[in-house]
Amino acid sequence: MTAAVFWTLLIMVVCWLPMPMFPIGTGGEHPKRFPHLDKAVHAGIFVVFGLLWLRVIPGPRRFLVVVAAGAALAAVTEFGQNLPIIGRDGELTDGLFDVLGVFLAYPLATFLFRRVRDEQPVVSITRA
């Protein structure tokens with residue numbers, strides 16, 4: 001669970017980093033070579049968020065919990081970017097790509113977790 005909590009806190013810190021402190025300047029994308037790169041980054045960050053939380057939350061409804069938490073985190077981080085002290089622009093499309101990333105985590109988690117489970121060694125119990 002510590003990795004999921006760490007990743008969540010890292011998302012908040014990076015999303016709320018004031019623009020003057022942002023290491024790559026204004027948005028960090030190269031429109032001619034990589035249009036909408038920031039949207040792919042948003043989705044990718046939240047795919048990792050989804051994978052980490054799907055791994056630690058038990059139960060059949062864990063996907064709903066993770067989607068709700070991811071949507072809440074997306075909304076909070078985007079609204080927080082609009083605070084004057086942050087000096088960044090929260091965008092609805094960024095939040096939508098965040099939620100898309102959480103949704104994409106589910107099929108990926110299903111594939112990865114099944115594969116990890118299938119590769120676990122089987123312990124044989126024999127009677128002597």
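All values below come from the heavy atoms of this structure, side chains included, with hydrogens, waters and symmetry mates left out. Computed from a predicted structure; not experimentally measured.
Within a 6.0 Å radius of CD1 in Ile85, other residues, nucleotides and ligands contribute 12 heavy atoms or fewer.
In this structure, Ile45 CD1 and Ile11 CD1 are separated by 6.5 Å, a value rounded to the nearest 0.5 Å. Atom-to-atom distance recorded for Leu83:CG and Arg88:CZ is 12.0 Å, nearest 0.5 angstrom.
Residue Leu92 is not grouped with residue Phe79 when hydrophobic side chains (ILVMFWY) are merged at heavy-atom distances under 4.5 angstrom, including chains of intermediate members. Hydrophobic clustering (ILVMFWY, side-chain heavy atoms < 4.5 Å, transitive): Met12 and Leu10 are in one cluster. Clustering ILVMFWY residues whenever any of their side-chain heavy atoms sit less than 4.5 angstrom apart, transitively, puts Leu96 in a cluster other than the one holding Val47.
A perpendicular orientation is assigned to the rings of Phe103 and Phe63, their planes being inclined by more than 60° (bins at 30° and 60°).
Side-chain contact check for Thr110 versus Arg114: some heavy-atom pair is nearer than 4.5 Å. With contacts defined as side-chain heavy-atom distances shorter than 4.5 Å, the pair Trp53/Ile57 qualifies. Proximity of Leu108 to Leu51: side-chain heavy atoms (C-beta onward) are separated by under 4.5 Å at one or more points.
Nearest approach of Glu78 to Asp94, heavy atoms of both residues: OE2-CB, 3.4 Å. In terms of heavy atoms, Gln81 sits closest to Asp89 at OE1-O, 3.5 Å. Closest non-hydrogen pair, Ala74 versus Gly95, comes out as CB-O, 3.9 Å.
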